[in-house]
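Down below is the structure, laid out as structure tokens.
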There are 2 protein chains.
Amino acid sequence: MNNARFPISLHILTLLARENGALLSSDYIAGSININPVLVRKEISNLRNHGMVESKEGKNGGATLAKPAEGILLSEIYHAVQQTSLLGNSRNHPNPDCPVGKNINLHLEDLYKEIEGALLRKLENMTLADFANKF
Amino acid sequence: MNNARFPISLHILTLLARENGALLSSDYIAGSININPVLVRKEISNLRNHGMVESKEGKNGGATLAKPAEGILLSEIYHAVQQTSLLGNSRNHPNPDCPVGKNINLHLEDLYKEIEGALLRKLENMTLADFANKF
DNA sequence: TGTACTGTAATAAATAGAATTACAGAATGA
DNA sequence: TCATTCTGTAATTCTATTTATTACAGTACA
């Protein structure tokens, strides 16, 4: 997870959480994050697919939360953006003729699962409201 | 941490843990991981700087563990390779004129610290020996 | 019916990651 | 002593990933 999708999504959701239902445009949001509006729309599209955001097309359109910030767990956001494994995967195929190479991916996966579990238990105990209220 | 440094370092250390003090060459290790030997030497150099590995130059040279595998915590390996923050950082500077933009990096940092703490408590309870013994 | 939006695809630019090349220097042992 | 086999490291090239940009169809509003 080297890319900025988690912080970007959290930033978007934090902005939306502070508006009480008012729609924010992708341009406005992009201005706060300082990234390209198209990337904002892409992230919003993803958050919408995960049920956290609603958006409205056309003039005076924009995005808003699909449910109260108290009901959005940070773990949901994590799941919505998570693509690569937490501690990195080698793209290479380790040598199947080596007893370590042959099995390392299996054992790494187990390890990652365990670690990610610990992380998720943390994120499940924090809501978007908790985060947004810090500002 | 999108790159493969954690799994590569763990792979190297696992191989070394299974040799009882015998030296392994970067070429041999690279063959097991299936990456370039220069990258192996770079990682070994880093692990050496962190006191986990010793190496010997010249003919019949190679690397070996600097201390028993029972004394190497997975958290040490994590610290040795960790560069980027766990859940990704935006390279962009958020808008300082926006109340959210102005403070988000601060709050993200706090959040990351807390999450990383949970992860580290897990990794502190696993040794290289625990991992290597699975093979 | 013009304006201001979203949604999305396609492309280009920038950045990061990994491989490769190159070579100096160290240890060995014939 | 000196060829051989290693490490250490810098420099460069190659590749993959990420982000920005361009373009435009479609929607809603006033």
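Because the structure is a prediction, the values reported are computed rather than measured.
Annotation: salt bridge (Lys or Arg N to Asp or Glu O under 4.0 Å) contacts of B:K67 (sequence neighbours excluded): B:E76. With sequence neighbours left out, the salt bridge (Lys or Arg N to Asp or Glu O under 4.0 Å) criterion links B:E109 to no other residue.
A:Q83 places its CD atom 6 Å from the P atom of D:dT18, with the value rounded to the nearest Å. Atom-to-atom, CG of A:L24 to P of C:dA4 comes out at 18 Å; the value is rounded to the nearest Å. Protein atom CG of A:D27 is 10 Å distant from nucleotide atom C1' of C:dA4, rounded to whole Å. One interatomic measurement links the two molecules: CG of B:L23 to P of C:dA26, which rounds to 18 Å at whole-angstrom precision. A straight line from CZ of A:R5 to P of D:dA20 spans 14 Å, rounded to a whole angstrom.
OP1 or OP2 of D:dT7 lies within a sub-4.0 Å distance of a side-chain N or O belonging to B:S26.
Counting only residues at least two apart or on different chains, the ring pair (Phe, Tyr, Trp, His ring centres under 6.0 Å) pairs with a member in residues 104-129 of chain A are A:H107-B:F135.
Between the side chains of A:Y78 and A:E124, no donor-acceptor pair of N or O atoms lies under 3.5 Å. A donor-acceptor pair shorter than 3.5 Å cannot be found between the side chains of B:E70 and B:T127.
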### Task
Start with the C-alpha distance between A:R5 and B:L87, add both sets of side-chain angles, then the distance that settles side-chain contact (heavy atoms from CB on, under 4.5 Å), and finish with yes or no.
CA-CA 8 Å; A:R5 293 189 60 198; B:L87 299 182; over 6 Å; no
### A:E114 and B:K122: CA distance, side-chain angles, deciding distance, side-chain contact (heavy atoms from CB on, under 4.5 Å) verdict
CA-CA 8 Å; A:E114 196 171 343; B:K122 269 282 174 199; 3.5 Å; yes
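Within residues 12-21 of chain A, no residue has any heavy atom under 4.0 Å from DNA chain C. Within a heavy-atom distance below 4.0 Å of DNA chain C, the residues of residues 36-54 of chain A found are A:V38, A:R41, A:S45, A:R48.
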I'd like a table of atom pairs between the protein and nucleotides 28-30 of chain D - only N or O on both sides, under 3.5 Å - with the distance next to each one.
residue : atom : partner : partner atom : Å
D:dA28  : N3   : A:K59   : N            : 3.2
D:dC29  : OP1  : A:K56   : NZ           : 2.9

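Under the 4.5 Å side-chain heavy-atom criterion for grouping Ile, Leu, Val, Met, Phe, Trp and Tyr, B:L13 is connected to B:Y28 within one hydrophobic cluster. The hydrophobic cluster containing A:L16 does not contain A:L23, counting ILVMFWY residues as joined when their side-chain heavy atoms lie under 4.5 angstrom apart, directly or transitively.
Under the 4.0 Å criterion applied to side-chain N and carboxylate O atoms, A:E54 and A:R48 are not assigned as salt-bridge partners.
In the displayed structure, B:N20 atom CG is contacted under 6.0 Å by at most 12 heavy atoms of other residues, nucleotides or ligands.
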